[in-house]
Number of protein chains: 2
Amino acid sequence: MPQRKLDRSLIRDLSIFRSMTDEDLDAVLSTASARQVADGKTVFEQGQTATEFFALLHGRLKVVQTTVDGQQVVVRHVSPGDIFGIARAMRRTDFPATAIAVVDSLMLAWPSSQWESFIARSPVLAMNALQTVGQRLQDAHTRIRELSTEEVERRVAHALLRLVQQAGRKTDEGILIDFPITRQDIAEMTGTTLHTVSRVMTGWEAKGLVASARKKVLVKDAHKLHVLAEKPE
Amino acid sequence: MPQRKLDRSLIRDLSIFRSMTDEDLDAVLSTASARQVADGKTVFEQGQTATEFFALLHGRLKVVQTTVDGQQVVVRHVSPGDIFGIARAMRRTDFPATAIAVVDSLMLAWPSSQWESFIARSPVLAMNALQTVGQRLQDAHTRIRELSTEEVERRVAHALLRLVQQAGRKTDEGILIDFPITRQDIAEMTGTTLHTVSRVMTGWEAKGLVASARKKVLVKDAHKLHVLAEKPE
DNA sequence: ACCTGAGTTTGCCTTTTCGCAAAAACCGTC
DNA sequence: GACGGTTTTTGCGAAAAGGCAAACTCAGGT
């Protein structure tokens with residue numbers, strides 16, 4: 001792979017590196033390497049030793065956990081600017097999940113061993129990382145609350161609204177989720193089955209809330225979807 | 001409240017303060033104050049401004065989130081040695097949940113504003129904190145996976161086994177969960193209703209897996225419970 | 001233009017879990 | 001030692017969601 005010179009601007013705007021000096025940014029970049037991952041390929045797999053951590057520059061990934069009996073759960077989606085695979089920073093030796101590109105993606109990779117020296121060099125990075133992980137923890141609690149207290153339809157509505165936030169692209173028809181996503185994926189995000197997701201969304205389609213095609217979801221009326229997500233009925 | 005002199009030994013063994021120097025520990029302690037909270041009282045409430053963070057010395061707390069329509073979800077239980085209420089470290093201004101003592105409890109409290117200076121003084125603390133939050137994130141993902149893929153009985157079994165880990169006390173009859181806990185609590189930990197928990201546990205009682213009384217749970221056969229928790233049937 | 005396979009929809013029946021209601025058991029206390 | 005408020009159990013019917021099976025749709029390759 002040809003090793004182009006990496007530029008500071010690549011990582012300056014990542015929240016985790018925010019308010020680091022140019023000097024520190026250069027130091028961070030000096031141990032980074034770029035990597036391209038094609039649609040459908042994995043960046044790392046559940047159980048592998050965590051030898052690297054990453055930042056996504058372009059594209060989109062999904063992070064999934066597989067249960068012993070083969071069921072899958074989508075842990076989260078990774079958007080450009082996010083860091084991921086930081087298992088080692090939490091003192092795990094292996095990755096607890098698998099990261100799969102859902103479109104062709106470009107990322108930076110660092111050796112896990114670099115983490116400690118980064119922190120030592122710039123303590124603000126530690127606090128940024130803590131915030132990042134803290135945000136994920138809160139997102140996880142939100143999902144636990146939804147799974148515990150809401151019925152399927154509201155959970156799917158919430159999941160869709162979250163996707164709109166993370167990957168919505170305005171079009172004249174409504175807001176398009178900007179990467180390919182299947183009913184199965186949505187089911188794995190909400191703890192239900194693709195059949196039930198299909199039934200729910202067919203119902204919404206009839207009401208004009210969404211439109212969908214194979215691997216595409218278009219939210220036509222985010223407001224009504226929001227009402228539906230909040231109303232306990 | 002009489003302000004006894006606080007001793008290093010109080011916090012030396014907390015995982016978050018691990019491998020800090022005596023000097024740093026003293027500095028940390030100098031801004032701490034002790035607080036006693038009676039059974040049933042709250043330490044802080046969801047939505048309040050997070051002016052302090054805490055470490056539990058004695059007792060036990062539950063952390064609960066309340067939904068808009070009044071349903072409750074138990075986020076986690078706090079055991080002696082845990083820190084909690086670190087919303088501010090994740091750059092939240094308010095507490096996302098309520099902490100309630102389930103037995104009379106004793107804790108240390110620090111002003112939230114101290115967090116930054118602690119980190120500055122001892123970067124290892126930042127890494128410890130990151131690990132702590134990372135562990136919680138993984139626990140949360142475990143719960144999401146269970147809520148998404150397991151039926152009620154297995155979820156309750158997992159929850160009980162987790163309680164055994166966190167608060168189990170060996171007796172000659174089996175392992176006793178060492179604080180008062182109701183069916184309602186267990187329901188709020190597993191995303192079900194107290195009725196269903198009661199039915200499940202009555203069934204187990206008949207099989208000799210557990211014994212229970214009002215607000216008490218005794219696990220008589222942890223091994224069988226474990227098998228039940230893992231077997232998809 | 002036709003095949004092929006992945007993705008989606010749908011009908012029907014079963015199972016799980018809930019909700020409601022009432023009774024029963026238990027603890028602290030007056 | 002009776003009383004009152006929690007906590008727990010249990011029965012019964014209802015609702016939500018799942019599982020199975022089959023048909024359908026559509027994009028992409030040959």
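All of these numbers come straight from a predicted model, not from anything done at the bench. In what follows, every chain begins at residue 1, and chains take the letters A, B, ... in the order their sequences are listed.
- Atom-to-atom distance recorded for A/Thr67:OG1 and A/Gln72:CD is 8.5 Å, nearest 0.5 angstrom.
- Listed nucleotides D/dA27, C/dT9, D/dT9 differ in distance to B/Thr202; the shortest reach to its side chain belongs to D/dT9.
- Following rounding to the nearest Å, A/Lys216 (NZ) and C/dG7 (P) show an atom-to-atom distance of 13 Å.
- Note: B/Phe54 and B/Phe95 have tilted aromatic rings, judged against thresholds of 30 and 60 degrees for the angle between ring planes.
- Picking from D/dT8, C/dT17, C/dT9 the nucleotide with the shortest atom distance to the side chain of B/Glu151 gives C/dT17.
- The interatomic distance linking B/Glu188 (CD) with C/dC18 (P) rounds to 13 Å, in whole Å.
- Atoms CD1 (A/Ile186) and C1' (C/dG7) sit 12 Å apart, rounded to a whole Å.
- Rounding to whole angstrom units, CG of residue B/Asp185 and P of D/dT7 are separated by 9 Å.
- Residue-to-nucleotide proximity on DNA chain C shows that, of A/Thr196 and B/Gly191, the 5′-proximal contact is made by A/Thr196.
- Atom CE of B/Met201 and atom P of D/dT7 are 15 Å apart (whole Å).
- Remark: of the listed residues A/Thr190, A/Thr196, A/Val197, A/Thr196 is the sole one forming a side chain to side chain contact (heavy atoms under 4.5 Å, CB included) with A/Thr193.
- Checking C/dT10, D/dT8, D/dG18 against every side-chain atom of B/Thr182, the shortest atom distance belongs to D/dT8.
- Atom pair B/Arg183:CZ and C/dC18:C1' shows a separation of 18 Å (rounding to whole Å applied).
- Taking the six-membered ring where tryptophan is involved, the planes of A/Phe53 and A/Trp110 are essentially parallel, since the angle between them stays under 30° and well short of 60°.
- In the set D/dA17, C/dG7, D/dT9, the nucleotide with an atom closest to the side chain of B/His195 is D/dT9.
- Ranking C/dC18, D/dT9, D/dA17 by closeness to the B/Arg199 side chain, first place goes to C/dC18.
- Within 4.0 Å (heavy atoms only), B/Ser198 reaches at least one base atom of the nucleic acid.
- One atom, CG of B/Leu147, and another, P of D/dG18, lie 13 Å apart when rounded to the nearest Å.
- The pair A/Lys62-A/Asp185 counts as a salt bridge, with a side-chain nitrogen and a carboxylate oxygen less than 4.0 angstrom apart.
- Here C/dC18 presents its P atom at 7 Å from CZ of B/Arg155, a figure rounded to the nearest Å.
- For A/Arg214, the side-chain atoms get nearest to D/dT25 when compared with the rest of C/dC18, D/dT25, C/dT9.
- Side chain of B/Thr192, nearest nucleotide from C/dT17, D/dT9, C/dT8: C/dT17.
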